[in-house]
Amino acid sequence: MRNIILMTTMLVLMVSCVSKNRENELIQKVTSLEKVILEKSKIVEKLNAENQKLTALNEKLKYSASDRIYNIRKFINDDELDKASNGIKELVQLFPNSKEAKLSSKEATIIEKKKKEKKAEAARVKALGFKVFTNHTSAKLEKVNFTFTKFSFGREFGFGHCSDVGEYSYETADKDNIYLLGDVKISSKEKYVTFPSFYLYKLEEGVLKHISYVNNEYASWSSYGAKIGNYSDDSHDFSKVNSVNYKIAVEIGKEESKEVLFLLAKINGDRQSTLTVNDVMENYIVVRIFNKSKI
């Protein structure tokens, strides 16, 4: 009985050793396979990256030299000088032996000249400040043209003249205030037109500060009956006429009327309460500068 137990124990130990060795062999094989898979995945990643580069290069090469020089010239005409410069660099890099690459030196010279001119203009504007601006009493906005024919200061704002009864409407400025008054014609070929956005600013501490909105009224009516609403008035309807005459008024303090004032027309975006020289140049039309000699 003891012999049987001993033999059984020995067999179990032998089987255990064989199983352990087999397990180690399998672990080694798995580890080896993992290394092979990792190496192959790295190769695949490298090939994918190279493929992406080749695809990108192929797309660039599809953009021909002739198309590139055409767009470079367009960028120059549109004053997009950085885009034009980058276009020349890529053209020379990808098509170094093309006639377009050889001709691009002419465009590069034009770009350099324009950049120098812009730098000089920026320096001039900086030196002059708000003195650089001039009046544009007639100008074109997106859908309308405007033409101012008269400016004045006064206590009364007269508008809405009716020739058949010889009558005006009047508003009076508050005491110690005065109106900046103006006559303006708004013209457009569009059928639906809104009055342009005009604002009055004063020069203070090197910037323009908004001081008042511009009120507008019709300069006249075809008849008194049209004015009080009994009849329609086609002379105010842009679907019927190309031009309408208006009167404007801006109520300000009497002392403010002696300061440097800028009447501006907004080109785009929202009104800003404070404007620098660059803000005005980019987003406004200077209609009229009052008391400019004080700048």
Side-chain angles (χ1 to χ4, degrees), residues 49-146 189 196-199 201 203 205-208 260 262-289 292 295:
E50 290 177 356
N51 183 56
Q52 289 177 1
K53 288 180 181 178
L54 290 172
T55 300
L57 179 60
N58 184 52
E59 287 300 317
K60 288 183 178 180
L61 292 174
K62 284 181 182 179
Y63 183 15
S64 68
S66 59
D67 287 340
R68 288 173 183 273
I69 197 71
Y70 172 83
N71 283 324
I72 287 166
R73 288 167 180 164
K74 189 175 184 301
F75 285 141
I76 293 172
N77 289 334
D78 294 342
D79 211 28
E80 297 184 84
L81 303 182
D82 289 336
K83 287 184 178 180
S85 295
N86 292 334
I88 290 174
K89 289 178 183 177
E90 199 167 72
L91 169 62
V92 173
Q93 180 184 3
L94 295 172
F95 303 95
N97 299 318
S98 66
K99 65 178 182 179
E100 289 83 3
K102 294 173 183 177
L103 291 171
S104 65
S105 59
K106 180 181 177 182
E107 275 66 34
T109 302
I110 294 171
I111 291 168
E112 188 62 27
K113 182 182 177 182
K114 282 201 165 194
K115 285 184 176 180
K116 286 182 179 178
E117 288 173 352
K118 289 183 77 172
K119 188 175 181 180
E121 176 63 13
R124 185 181 78 86
V125 169
K126 185 176 180 180
L128 290 174
F130 285 99
K131 287 183 180 180
V132 74
F133 295 108
T134 57
N135 297 330
H136 298 85
T137 51
S138 293
K140 182 178 182 179
L141 295 171
E142 184 179 358
K143 293 183 178 181
V144 304
N145 294 299
F146 65 80
K189 293 183 179 180
S197 297
F198 295 108
Y199 303 100
Y201 287 77
L203 182 60
E205 298 178 350
V207 296
L208 294 185
V260 179
F262 278 68
L263 180 63
L264 304 179
K266 192 79 175 71
I267 298 173
N268 52 57
D270 297 327
R271 179 194 62 81
Q272 298 160 262
S273 58
T274 303
L275 301 174
T276 64
V277 171
N278 287 337
D279 290 331
V280 176
M281 294 186 76
E282 292 175 6
N283 299 312
Y284 293 83
I285 294 173
V286 177
V287 178
R288 177 71 184 266
I289 306 170
K292 186 177 180 180
I295 299 179

Ignoring hydrogens, what is the shortest heavy-atom contact between Val260 and Ile289? Give both atom names and the distance.
CG1-CG2, 4.3 Å
Side-chain heavy-atom pair Lys83, Asn86 within 4.5 angstrom cut-off
no
Quick one: which residue pairs count as a salt bridge (Lys or Arg N to Asp or Glu O under 4.0 Å) with a foot in residues 129-146, not counting sequence neighbours?
none
Which side-chain N or O atoms in residues 91-102 pair as donor and acceptor under 3.5 Å with protein atoms at least two apart or in another chain?
{"from": "Ser98", "atom 1": "OG", "to": "Phe95", "atom 2": "O", "distance (Å)": "2.8"}
{"from": "Ser98", "atom 1": "OG", "to": "Ala101", "atom 2": "N", "distance (Å)": "3.1"}

Is it true that, when you exclude Asp78 itself, more than 12 heavy atoms of the residues, nucleotides or ligands shown sit nearer than 6.0 Å to its CG?
yes
Nearest 0.5 Å, please: how far is CZ in Phe130 from CD1 in Ile295?
8.5 Å
Taking atom types as modelled and ignoring hydrogens, do the side chains of Thr276 and Asp279 form a donor-acceptor contact shorter than 3.5 angstrom?
yes
Taking side chain as C-beta onward, heavy atoms only, is Leu264 less than 4.5 Å from Val286?
yes
Distance, nearest 0.5 Å, that separates OG1 of Thr274 from OH of Tyr201:
8.0 Å
CD1 (Ile285) and CG (Leu263) are apart, to the nearest 0.5 Å, by 11.0 Å
So that I know where these two stand, are Phe262 and Tyr284 an aromatic pair - ring centroids less than 6.0 Å apart?
no
CD1 on Ile76 to NZ on Lys113, rounded to 0.5 Å
12.5 Å
Identified salt bridge (charged side-chain N to carboxylate O under 4.0 Å, His left out) counterpart of Glu107 within the set Lys89, Arg68, Lys114, Arg73:
Arg73
Please report the interatomic distance OG(Ser64) to CD1(Ile69), rounded to the nearest 0.5 Å.
11.0 Å
Asn283/Gln272 under side-chain contact (heavy atoms from CB on, under 4.5 Å): CA gap, chis, key distance, verdict:
CA-CA 10 Å; Asn283 299 312; Gln272 298 160 262; 3.8 Å; yes
Taking the side chain as everything from C-beta on, heavy atoms only, tell me whether Ile111 gets closer than 4.5 Å to Thr109.
no
Look up atom OG in Ser197 and atom CD1 in Ile267, then write down how far apart they are to the nearest 0.5 Å.
11.5 Å
Could you pull out the closest heavy-atom pair between Val277 and Phe133, with the gap in Å?
O-CZ, 3.6 Å
